[in-house]
Each structure stands twice: as structure tokens, then as C-alpha cells.
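Below is one structure; the comments refer to it alone.
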Protein chains: 2
Amino acid sequence: MGNHGDLLRGALESLVLEAIDKGATYGYAIARSLEELSQGELVTKEGSLYPALHRLEKQGLLKARWQDSPQGRPRKHYQLTGLGRKHLAAQRDAWSRFSRVVNRILGVDHA
Amino acid sequence: MGNHGDLLRGALESLVLEAIDKGATYGYAIARSLEELSQGELVTKEGSLYPALHRLEKQGLLKARWQDSPQGRPRKHYQLTGLGRKHLAAQRDAWSRFSRVVNRILGVDHA
DNA sequence: TCCTATGCCTAGACAATCAATGTATATCTC
DNA sequence: GAGATATACATTGATTGTCTAGGCATAGGA
């Protein structure tokens, strides 16, 4: 289990979009969600996650709104825009082709 | 088909080690080999490939020797060291775990 | 009171990509 | 012999993204 440093770099944005689409709509929840969905395999550092969210918002893939939380500080909730949804689909596809090819070259079982 | 920019970043070193292990023992051949093995999906730019080879050599994962070519300029042939072989195995494993998790989260078929 | 969990954010150090360019030889075509 | 193309290695400067480390802030439990 671990810290897949550079591997995460290319997939982080897709994973974040996906997590939001799955209902983890704010930063802290996205990090928890990815950690849980991956059984601890993916650890999202704040220094990458928050800049990524800002990037995605600036690119028009996400829209944000602040909302109070029952505990702790207010949360910044994100949702996919139409463009974001399109990008997620495209990135899913790109990842699919990429991982298939790498799996084949590295001789890794895709079980 | 295309240019998997950031995705390649985390897998390039593994792919290079693998290509060398498969017999593409010098830079130009490695690039051609990966392009062919991936049916054009992976395009290795020289500005990433050569620095990567130097990195791997400096880390003791590769050993290099110059050799004349029947055509064009001399070639710098690489081969895996023992350490390089160990790293390749470890990186293959890391990639396997990572891609499995991402595939699952993105809902991508691993066919 | 202090620690932990929740929650957002950023600055500076660092690392790696890419486009572009340079160098060099051999071969093929016009 | 002029020019294009394939082979072959290498570097530079701009850009971009990660990570460590810290800051700010509220709430609950020990």
C-alpha cells in the first residue's frame, strides 16, 4: 500500500472528477473517498488536491459554492459542469487506452 | 491515439526498463519499440527519454556502453543491472496495484 | 488545557515534461 | 552535388505540477 507519487499525477484530475460525480462534493470528502475507495492505496495530499480543484474550476469543469457544515468549518462544495462531464468521459477513455497499453507492455495481469 | 502527456510521467521509467529488457537497448530503438508495441499510442519525446536514461544510469539501474552502428551515428547501448531488475519488478507491481485501483474507481473495463 | 478531527489554503523547494535546437552520419532522390 | 529523410544522442528554457510544511479556523473529547 502506498504512495504512488508520479503515477497519481496523470490520473488525479480524473479521480477527483469521478469522486465528485460519486457524491464526494468537497475537498476533504474527496480525499477520504479516494482513500476509502482504494483501500488506502491512494493518498491524496492537500498540496495537490486543492490546487487541482482550483485548476478544474478555472477551466470550467467544476462549479463551487460554499455551504455551512454541521461540524467544523464551512465546506466548499463542487459539482461537475457540462464541460466537466465531457472531460471526465474523455479522460476515462484516455486512461482506459493508456492503462491497457501499459499493462500489455509490462506484462501485468488486469484481473 | 495520442499523446498521454502526464499519464506517461509516472510510467515512463518502467516502460523504458521494460523496453531495454525486451531487447531495445539504445535510445532511438527504445522510442521506436514503445511506439510499435503500443501501436502508436505511446510517443516518447527525446526531451524526456534521454534525461530519463541518464537518471536511470545515475541511479545504478542501467549500465551503458558505446558501440558503432552499421548506419548513422554510434549508439549508446544500455543494459539492466541487478538493481535495475529489482526496480523493474517493484515498479511493475506498483503499477499493477495502481492501475487496478484506478480502473475500479473510474469504472473502466480491464479487458 | 491539549489533542484530534474536520476543513480550506498557500508558499517555496523540487522534479520532470516539452518544444526547440544543435550536432553528426548515411542513404536516397532529383 | 544539392536537398530531404532516417538514424542517433544531447541540452536548454519555459512551464507545470507535486510535496513538505506551515497557517487559519471550529468543535469535541480526554
Side-chain angles (χ1 to χ4, degrees), chain A residues 2-17 19-20 24-36 42-59 61-78 91 94 98, chain B residues 2-17 19-20 24-36 42-59 61-78 91 94 98:
Chain A
N3 198 2
H4 295 285
D6 272 329
L7 284 172
L8 204 46
R9 200 186 187 105
L12 180 61
E13 296 198 351
S14 312
L15 290 167
V16 166
L17 292 177
I20 293 172
T25 61
Y26 59 98
Y28 193 81
I30 292 167
R32 292 303 130 265
S33 169
L34 289 177
E35 215 170 311
E36 195 197 337
L42 304 179
V43 178
T44 317
K45 309 290 170 54
E46 301 185 341
S48 333
L49 175 61
Y50 289 112
L53 286 168
H54 300 158
R55 260 185 341 261
L56 293 168
E57 194 186 354
K58 204 178 303 180
Q59 288 165 25
L61 311 187
L62 293 178
K63 254 190 333 187
R65 66 180 198 287
W66 284 96
Q67 209 164 296
D68 278 346
S69 157
Q71 81 230 71
R73 296 190 57 194
R75 296 166 177 165
K76 195 167 177 181
H77 287 273
Y78 291 93
Q91 284 172 20
F98 178 77
Chain B
N3 198 3
H4 295 284
D6 272 330
L7 284 172
L8 203 45
R9 201 186 188 103
L12 179 61
E13 296 198 352
S14 313
L15 290 167
V16 166
L17 292 176
I20 293 172
T25 62
Y26 60 98
Y28 193 81
I30 293 167
R32 292 303 129 266
S33 169
L34 289 177
E35 214 170 313
E36 194 197 339
L42 304 179
V43 178
T44 317
K45 311 287 170 57
E46 302 184 337
S48 334
L49 176 60
Y50 288 113
L53 286 168
H54 301 158
R55 257 183 346 256
L56 293 168
E57 194 186 356
K58 204 178 303 180
Q59 289 164 26
L61 311 187
L62 293 179
K63 254 190 334 187
R65 66 180 197 288
W66 284 95
Q67 209 166 294
D68 277 349
S69 157
Q71 80 231 74
R73 296 187 59 194
R75 295 166 176 166
K76 195 167 176 182
H77 287 273
Y78 290 95
Q91 283 172 21
F98 178 77

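Letters A, B, ... mirror the listed sequences (proteins, then strands); counts begin at 1. None of these values were measured; they are calculated from a predicted model.
Atom CG of A:D68 sits about 10.0 Å away from atom CZ of A:R75, to the nearest 0.5 Å.
The two atoms that bring A:H4 and B:A94 nearest to each other are CE1-O, 3.5 Å, heavy atoms only. Residues B:L15 and B:L42 come closest through the heavy atom pair CD1-CD1, 3.9 Å.
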Item to complete: Show your reasoning for whether side chain to side chain contact (heavy atoms under 4.5 Å, CB included) applies to B:L53 and B:I30.
Response: CA-CA 10 Å; B:L53 286 168; B:I30 293 167; 3.9 Å; yes

Worksheet item: Going 5' to 3' along nucleotides 17-26 of chain C, which nucleotides have protein heavy atoms under 4.0 Å from the base (write B), which only from the sugar-phosphate (write S), and which from neither (write -)?
Response: SBB---BBBS

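Distance CG (A:D68) to P (D:dT26): 12 Å, rounded to an integer number of Å. The distance between atom CZ of A:R32 and atom C1' of C:dC8, rounded to the nearest whole Å, is 13 Å. Between the CG atom of A:L62 and the P atom of C:dC8 there is a distance of 13 Å, given to the nearest Å. Atom-to-atom, CD1 of A:I30 to P of C:dG7 comes out at 12 Å; the value is rounded to the nearest Å. Whole-Å rounding puts the A:Y26 OH to C:dC9 C1' distance at 17 Å. Between B:L53 atom CG and D:dA8 atom P there is a gap of 14 Å when expressed in whole angstrom units. Separating the OH atom of A:Y50 from the P atom of D:dT18 is a distance of 15 Å, rounded to the nearest angstrom. We find that CD of B:Q59 is positioned 12 Å from C1' of C:dA15, with the value rounded to whole Å.
For the OP1/OP2 pair of C:dT10 and a distance below 4.0 Å, the side-chain nitrogens and oxygens of A:H54 include at least one atom meeting the criterion.
You'll find that the side chain of B:Y28 is closest to D:dA6, out of D:dA10, D:dA6, C:dC9.
Among residues at least two apart or in separate chains, side-chain hydrogen bond (donor to acceptor under 3.5 Å, both in side chains) pairs with a member in residues 27-36 of chain B are B:R32-B:E35.
Looking at residues two or more places apart in sequence or on another chain, you find a ring-ring contact (aromatic ring centres under 6.0 Å, His included) between B:H77 and B:Y26.
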